[in-house]
Amino acid sequence: MSTGTAVAIPIGRRLRRFLRDQPLVPLIVLLVGLVIVLEVLRPGIVNERWIANTIKFAIPLAILASCQTLTMLTGGIDLSVGIVATVSAFVMATQVTTHDPAIAIAISLLPAILIGLANGIGAGVFRVHPLIMTLGLSLIATGGLQVYQRTVLATGSAIPDSLAWLGTGRTNGVPNSLVLFVPLAAVIILGLRRTGFGRLLYAIGDNENAARLSGVRAWQVIVVLYALSGLLAGIAGLVYVGLIKAPSLSLAVPLLLPSVAAAVIGGTSIFGGRGGYGGTIVGALILTVLTTLLTVLQVPEGARRILFGFIILAVTAAHVRITEDS
Amino acid sequence: MTQTVRRHGWAIGLFALLVLLLIITKLIQPGYGASGIGSLARAALPFAFATAAQVIVVIAGGIDLSIASMMAVTSVTAAAMMDGASEEFAVVVVLFVLLLGIAMGMINGILVVLTRVPDIVVTLAMLFVWEGVALLILRAPGGAAAEWLKGIIVGTAGIPGLPAEITAWIPKALLVLVVCLGIVWLPLRRSRLGLSIYAVGSDALAAFRSGVAVNRTKVVAYAVAGLFAAMGGLVLTMSTGIGAPIPGPYLLASVAAVVLGGVALGGGRGGLLGPIIAVFILRLVRTDLTLLSVDPNITTVIEGTIMVVVVILGGLVALRGRSA
């Protein structure tokens with residue numbers, strides 16, 4: 001479409017096309033809008049320190065939301081990320097009392113990958129709906145974690161300095177967790193765009209039969225995908241426990257629904273085949289700023305959840321309107 | 001006869017499994033009898049209503065993640081309204097709460113239809129919303145329940161014409177379940193509307209071309225789910241005597257029972273009987289593990305494993321059916 005003929009197109013359709021081609025623009029506008037509202041309500045709140053804090057809290061959420069983004073691209077979902085992150089954090093905090101931090105971290109990521117692998121085998125090989133598979137495994141993991149807790153009652157727990165530095169620390173005002181997150185996000189974004197594995201995810205989500213007929217071994221992709229999702233959730237748990245500094249049996253569980261919300265708001269289609277990680281990161285930032293905004297407004301917990309729910313719904317509905325073919 | 005067996009084959013198999021589990025229970029605990037069955041029925045009640053709600057939405061081709069939250073809303077509403085009120089007023093409360101459930105379900109359905117967002121996302125959002133509503137009504141567990149309401153699900157019922165030896169084995173909770181589900185389900189199943197629900201779940205486009213009002217049918221399915229969720233919420237208040245604003249583990253359990261009960265998650269297939277038997281099976285497994293004095297945490301692991309294995313076997317059966 002050349003610019004000469006664009007004049008004839010009605011402004012509404014042109015706007016929609018623009019929004020469809022640039023899904024990040026409305027999200028960033030929404031994010032900036034929320035920050036402006038916050039600044040108007042509490043003048044002076046938005047400063048360097050606040051921005052650093054917001055980023056610190058958004059990063060574990062964004063990593064968890066990457067699990068949702070990747071699995072949603074194939075038409076799946078991973079509802080076990082909340083408990084997987086908690087398992088990793090708890091295992092790390094209890095193992096570090098007897099092991100070297102690096103070994104404790106390695107031990108703690110093992111159950112995360114195993115849970116992810118089980119999810120992938122169920123979803124990829126036995127063709128169980130990922131929603132059910134991951135819900136079931138989160139139930140198993142919850143019980144398993146409680147059994148594990150009994151065996152380590154006496155050992156106590158600790159947070160290694162390296163993770164505390166990563167989760168809470170700031171260098172010249174810049175949160176240290178960016179050291180981990182920026183390369184991670186770059187790998188995910190580039191991996192989705194440029195590598196064969198990334199394209200396979202889109203292909204399977206778009207039309208699994210077509211992908212299979214083209215010679216893709218879909219089940220292998222799914223198994224690797226969910227194992228990767230488990231690993232990412234484990235990493236998110238380690239960063240989060242470095243931030244919160246109090247390992248518990250339900251540490252990251254409340255982050256599960258926001259992680260789905262962040263991916264959905266970021267424009268990843270729950271049906272698969274459409275979306276990307278860039279939007280998800282902005283979605284995680286939006287949710288974190290929104291939480292601050294609601295805290296500042298002293299909105300009661302109940303009303304906060306109501307608003308949260310309707311915002312997820314409204315943003316998704318807007319996305320459906322914008323992206324569907326006219 | 002053979003046709004009935006074929007149509008209800010899955011439910012019959014489940015029933016056999018249930019009987020087998022009851023025999024095993026009796027072997028583990030020779031004293032297990034009428035009182036055990038009574039407490040099993042009472043424990044299964046909220047799960048059964050949650051499952052019934054899930055079944056109708058799944059048959060209509062959707063899924064409702066907000067059922068546990070709707071149960072919390074209706075439970076706290078009932079408990080808050082009955083707190084300090086007279087016994088007679090409780091009748092009004094029950095009717096109001098049932099209407100509230102229908103209204104919440106309708107809101108879910110209307111939002112699904114209007115926004116054109118996938119069911120799973122809409123009901124995920126509504127899970128937050130109803131949870132928030134429940135928290136606004138009651139910040140912490142509290143309220144009260146009328147005595148006669150609590151009495152409804154405790155003990156056994158005397159049915160005229162049946163000797164006491166038999167009625168001792170029929171807990172009131174089971175009767176409440178059968179009556180409440182039957183009143184809604186049986187007329188619906190036989191009506192034009194029920195047929196439309198199956199048609200929409202099976203193939204929405206084909207249903208639309210055959211003149212089914214697809215959107216209206218979906219809203220009705222969600223509204224009935226809301227009604228069942230309200231019954232579940234009332235049962236929660238009846239059995240505990242208070243209302244708790246935090247949703248229980250009913251979402252996951254309802255999905256598990258739906259799958260184990262032979263209802264296809266794709267929609268358009270299955271009935272109510274299988275999932276309800278599945279609820280009792282899952283509860284009885286829990287009872288057995290408790291009787292064997294297994295650590296409750298390990299019980300959770302075993303429950304989850306059973307659920308996953310069941311679903312995997314279901315997937316295998318579906319795979320073989322496709323290739324055959």
Side-chain angles (χ1 to χ4, degrees), chain A residues 72 77 79-80 118-119 121-123 125-129 131-150 249 256-258 260-261 263-265 269-271 299-321 324, chain B residues 63 65-66 69 73 111-112 114-139 245 249 251-253 255-256 258-259 264-266 295-316 318-319 322:
Chain A
M72 276 184 195
I77 191 166
L79 294 186
S80 67
N119 279 332
I121 290 172
V125 179
F126 294 102
R127 329 272 319 129
V128 178
H129 194 291
L131 182 90
I132 314 290
M133 196 64 207
T134 53
L135 262 182
L137 271 181
S138 55
L139 195 69
I140 298 176
T142 308
L145 182 60
Q146 270 155 354
V147 175
Y148 169 78
Q149 186 220 10
R150 291 274 190 81
L249 292 183
L256 168 63
L257 296 173
V260 178
V264 167
I265 290 175
S269 163
I270 208 156
F271 283 146
V299 175
E301 178 62 24
R304 204 188 286 191
R305 289 192 198 183
I306 295 175
L307 193 68
F308 205 73
F310 277 125
I311 286 174
I312 296 176
L313 196 54
V315 173
T316 324
H319 260 295
V320 170
R321 292 287 185 289
E324 74 188 359
Chain B
I63 189 159
L65 304 186
S66 71
S69 303
V73 172
L111 285 174
V112 167
L114 277 188
T115 59
R116 282 182 278 156
V117 171
D119 300 56
I120 190 167
V121 182
V122 173
T123 53
L124 178 68
M126 295 316 282
L127 179 154
F128 280 109
V129 171
W130 299 132
E131 211 176 64
V133 170
L135 275 173
L136 283 185
I137 295 172
L138 268 189
R139 186 84 73 70
L251 165 62
L252 189 58
V255 175
V258 162
V259 173
L265 278 177
D295 179 342
N297 295 317
I298 297 180
T299 307
T300 314
V301 178
I302 296 176
E303 256 190 339
T305 314
I306 291 177
M307 187 182 121
V308 169
V309 168
V310 161
V311 180
I312 285 180
L313 288 180
L316 276 183
L319 268 187
R322 216 175 300 153

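Note that the structure is a prediction, hence the values are computed from the model and not measured. In what follows, chains are A, B, ... by sequence order, proteins preceding strands, each numbered from 1.
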Practice prompt. Mind ranking Ile298(B), Val122(B), Ile306(B), Asp295(B) by heavy-atom pairs under 4.5 Å with chain A and telling me who comes out on top?
Written response: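 Ranked by heavy-atom pairs under 4.5 Å with chain A, first place is Asp295(B).
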
Worksheet item: Of all of Asn297(B), Val259(B), Thr300(B), which one pairs up most often with chain A through heavy atoms under 4.5 Å apart?
Response: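 Most heavy-atom pairs under 4.5 Å with chain A: Asn297(B).
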
Discussion item. Give me each pair satisfying salt bridge (Lys or Arg N to Asp or Glu O under 4.0 Å) with a member in residues 125-137 of chain B, each pair once, sequence neighbours excluded.
Written reply: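 The answer is Arg305(A)-Glu131(B).
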
Measure across [X] and [Y] and return the closest heavy-atom pair with its distance rounded to 0.1 Å.
X: Thr115(B); Y: Ala317(A); result: CB-CB, 3.9 Å
X: Leu135(B); Y: Gly302(A); result: CB-CA, 3.8 Å
X: Ala125(B); Y: Gly309(A); result: CB-O, 3.2 Å

Fill in: Residues which pass side-chain contact (heavy atoms from CB on, under 4.5 Å) with Ile140(A), listed by chain and number, not counting sequence neighbours
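If we apply the side-chain contact (heavy atoms from CB on, under 4.5 Å) test to Ile140(A), skipping adjacent residues, the hits are Leu137(A), Val301(B), Thr305(B), Val308(B).
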
Discussion item. If you count heavy-atom pairs within less than 4.5 Å of chain B, which of Ile311(A), Val147(A), Val260(A), Ile77(A) leads?
Written reply: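 The option with the most such pairs is Val147(A).
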
Where does [X] contact chain A at under 4.5 Å (heavy atoms): side chain, backbone, both or neither?
X: Leu114(B); value: backbone
X: Val255(B); value: side chain
X: Leu127(B); value: side chain
X: Ile63(B); value: side chain

Practice prompt. Check whether any side-chain heavy atom of Pro300(A) sits under 4.5 Å from a side-chain heavy atom of Leu136(B), and report yes or no.
Written response: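 The answer is yes; the side chains approach within 4.5 Å.
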
Worksheet entry | Side-chain touch Leu111(B)/Phe310(A), heavy atoms, less than 4.5 angstrom |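 Yes. Closest side-chain heavy atoms under 4.5 Å.
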
Discussion item. If I take atom CG from residue Leu124(B) and atom CG from residue Leu79(A), how far apart are they, to the nearest 0.5 angstrom?
Written reply: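 Rounded to the nearest 0.5 Å, the CG-CG separation comes out at 8.5 Å.
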
Discussion item. Is Arg150(A) close to chain B through its backbone or its side chain, or both, or neither, when contacts mean heavy atoms under 4.5 Å?
Written reply: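 The side chain, not the backbone.
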
